[in-house]
Amino acid sequence: MPELPEVETIRRCVAPGVIDQTVTDVIIRNPNLRWPVPPALPDCMRGRKISAVERRGKYLLFDCGTGTLIVHLGMSGKMLLEPESKPAEKHDHVDFTLSNGKILRLNDPRRFGCVLWTLEPPRLHPLLRDLGPEPLTEQFHGDLLYERSRGRSVTVKEFIMNSHIVVGVGNIYANESLFAAKIHPTRPAGRISLQRYRQLAAAIKEVLHAAVEQGGTTLRDFCDSAGNPGYFQLELRVYKRAGQPCCACGQPIQTIRQAQRATFFCKKCQH
DNA sequence: TTAATCACCTGAGGGC
DNA sequence: TGCCCTCAGGTGATTA
């Protein structure tokens with residue numbers, strides 16, 4: 001599923017093909033995404049030139065001058081740049097036809113994603129205005145995690161997956177980051193020291209940075225061959241490795257459920 | 001304000 | 001082979 005590194009890779013991948021292109025048409029095949037695709041979207045976008053493609057958390061922002069297209073890929077979405085002649089396939093819900101003969105196409109089998117249009121600065125949009133800092137910037141650091149966790153009884157894993165604390169840490173990277181920082185995922189967030197939060201913040205940055213690099217290699221296929229679905233198998237150390245030996249100590253990786261999500265950890269290395 | 005739970009959705013995989 | 005069930009997961013909304 002697209003996590004922050006995959007979304008960033010898709011942004012880098014599609015940007016050269018859409019920037020400075022004019023949207024000549026918008027085709028909505030299925031408006032029933034997480035929120036209904038605005039029926040007026042074609043009228044809003046037709047004739048507008050895309051000047052930039054940015055990312056905020058897992059949201060892609062297509063700057064069209066006086067308005068912005070906001071796209072979230074949910075759990076199963078992907079955006080592909082395809083030739084105009086390529087017929088739509090199952091789950092191709094929205095097409096943006098561009099002046100260079102390409103189509104920017106949203107495919108999302110589970111329809112957890114969204115396609116929205118806003119005239120206000122996107123950072124003021126209700127979905128984006130309360131988001132936490134970007135994890136790969138200087139605005140995100142261990143001191144911030146420490147300060148914002150005081151008095152919180154929620155587990156540290158749920159805490160770092162909260163997009164109001166920091167954006168882009170999904171289940172996979174939460175598991176991997178906590179392993180790297182040697183912190184047990186069920187520890188209450190408010191009872192972790194500043195020093196350990198500094199280690200955790202560094203681990204989150206390291207894991208996400210490495211994943212962006214790997215995703216960059218993986219997802220390039222989406223642009224070139226338009227649809228190769230295979231994700232590069234990240235070198236995951238705990239995620240989906242239940243019962244397998246820990247790469248550090250050899251003890252079997254444990255799995256539990258937290259907040260309806262699978263958690264993987266090493267009970268010897270993480271405490 | 002915080003925490004817990006629910007809802008949304010479809011494909012994959014396992015059991016029978 | 002086909003049917004049924006469970007699981008996976010991001011995130012806003014709702015409830016306590």
Side-chain angles (χ1 to χ4, degrees), chain A residues 1-11 29-38 55-61 70-79 88-94 106-116 118 122 124-135 145 147-178 185-192 204 208 211 215 227-231 233-234 236 238-243 253 255-264:
Chain A
M1 71 287 318
E3 298 224 20
L4 184 144
E6 285 79 8
V7 177
E8 173 60 20
T9 302
I10 288 172
R11 186 194 69 79
R29 293 190 190 80
N30 186 350
N32 300 315
L33 303 183
R34 180 176 181 86
W35 297 288
V37 178
R55 179 187 58 76
R56 180 72 176 98
K58 296 176 186 174
Y59 291 93
L60 286 168
L61 308 174
I70 301 175
V71 176
H72 195 291
L73 300 175
M75 296 191 48
S76 56
K78 45 185 189 286
M79 291 204 89
E89 297 179 355
K90 193 177 182 183
H91 306 309
D92 284 344
H93 303 313
V94 185
L106 173 72
N107 178 287
D108 185 4
R110 294 186 189 177
R111 292 190 275 128
F112 276 19
C114 68
V115 173
L116 301 171
T118 181
L124 300 180
H125 190 277
L127 288 175
L128 279 71
R129 65 186 174 205
D130 295 325
L131 293 178
E134 290 287 331
L145 289 178
E147 290 161 11
R148 300 199 64 179
S149 65
R150 293 309 89 184
R152 300 284 292 268
S153 60
V154 69
T155 67
V156 63
K157 183 184 174 224
E158 293 171 74
F159 179 67
I160 62 172
M161 288 179 68
N162 183 342
S163 63
H164 298 297
I165 303 299
V166 56
V167 298
V169 182
N171 196 38
I172 295 172
Y173 299 116
N175 279 292
E176 294 297 317
S177 300
L178 287 165
T186 64
R187 281 186 72 90
R191 302 190 63 180
I192 292 175
I204 290 171
L208 288 176
N228 185 345
Y231 283 94
Q233 185 61 51
L234 298 174
L236 302 171
V238 289
Y239 185 75
K240 285 203 171 172
R241 292 196 64 239
I253 298 298
T255 182
I256 57 174
R257 288 191 74 78
Q258 283 182 281
Q260 302 175 340
R261 290 184 180 85
T263 296
F264 301 87

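Here is the naming used below: chain letters follow the sequence lines, and residue numbers restart at 1 for every chain. Worth knowing before you read on, the calculation uses all heavy atoms, side chains too, and leaves out hydrogens, waters and symmetry mates. If you're wondering where the values come from, they're calculated on a predicted model, not measured in any experiment.
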**Message:** For a quick check of understanding: with a heavy-atom distance under 4.0 Å over all strands, which category does Ala262(A) fall into, base, sugar-phosphate or nothing?
**Reply:** sugar-phosphate
To the nearest angstrom, the CZ-C1' distance between Arg148(A) and dT2(B) comes to 13 Å
In whole angstroms, the gap separating P of dT10(B) from CZ of Phe112(A) amounts to 9 Å
### Note, Leu106(A) side chain near Val115(A) side chain (heavy atom, < 4.5 Å)
yes
Considering only heavy side-chain atoms of Arg34(A), the closest of dT10(B), dG10(C), dC6(B) is dG10(C)
- Query: Any donor and acceptor pair, going by atom type alone, linking the side chain of Glu158(A) with main-chain N or O of Ala259(A) inside 3.5 Å?
  - Reply: no
In short, the helix from dT2(B)-dA16(C) to dC16(B)-dG2(C) is bent end to end, axes from five pairs each side, to 10°, by 50°
Asp130(A) CG to dT2(B) C1', in whole Å, measures 15 Å
Below 4.0 angstrom from OP1 or OP2 of dG10(C), is there any side-chain N or O of Tyr173(A)? no
Gln258(A) CD to dG10(C) P, in whole Å, measures 13 Å
Among dA7(B), dG12(C), dA8(C), the one nearest any side-chain atom of Leu127(A) is dG12(C)
Per the under-4.0 Å heavy-atom filter, residues of residues 150-163 of chain A near DNA chain B come out as Arg152(A), Ser153(A), Val154(A)
Between the side chain of Asn107(A) and the main-chain N/O of Lys78(A), is any donor-acceptor distance below 3.5 Å? no
(request) Look only at the side chain of Arg150(A) and the backbone of Gly190(A), and say whether a donor-acceptor pair between them is shorter than 3.5 Å. (result) yes
| request: Using modelled atom types only, decide if a donor and an acceptor are shared between the side chain of Asn30(A) and the backbone of His93(A) within a distance under 3.5 Å. | output: no
Here the distance between atom C1' of dC9(B) and atom NE2 of His72(A), to the nearest Å, is 15 Å
Paired with Asn171(A), the side chain to side chain contact (heavy atoms under 4.5 Å, CB included) test is passed by just one of Gln258(A), Glu176(A), Met161(A), namely Met161(A)
Task: Side chain Arg257(A), main chain Gln260(A), donor-acceptor under 3.5 Å - done: yes
Winner on side-chain proximity to Lys90(A), out of dG12(C), dG10(C), dG11(B), is dG11(B)
Would you say the side-chain atoms of Arg148(A) pair up with the backbone N or O of His164(A), donor to acceptor, closer than 3.5 Å?
-> yes
Atom CG of Leu33(A) and atom C1' of dT10(B) are separated, to the nearest Å, by 13 Å
For this session: Indicate whether any N or O donor in one side chain lies under 3.5 Å from an N or O acceptor in the other, for Thr263(A) and Lys157(A).
Result: yes
Out of dC6(B), dC9(B), dG10(C), minimum distance to the side chain of Arg110(A) belongs to dC9(B)
note: Glu3(A), atom CD; dA8(C), atom P; distance rounded to Å ~ 15 Å
From the candidates dG12(C), dT5(B), dT10(B), the one with an atom nearest any side-chain atom of Pro109(A) is dT10(B)
Considering only heavy side-chain atoms of Met75(A), the closest of dG10(C), dG12(C), dG11(B) is dG10(C)
Whole-Å distance, Gln260(A) CD to dA7(B) P, equals 10 Å
Pair Lys58(A) + Glu6(A): basic N to acidic O under 4.0 Å: no
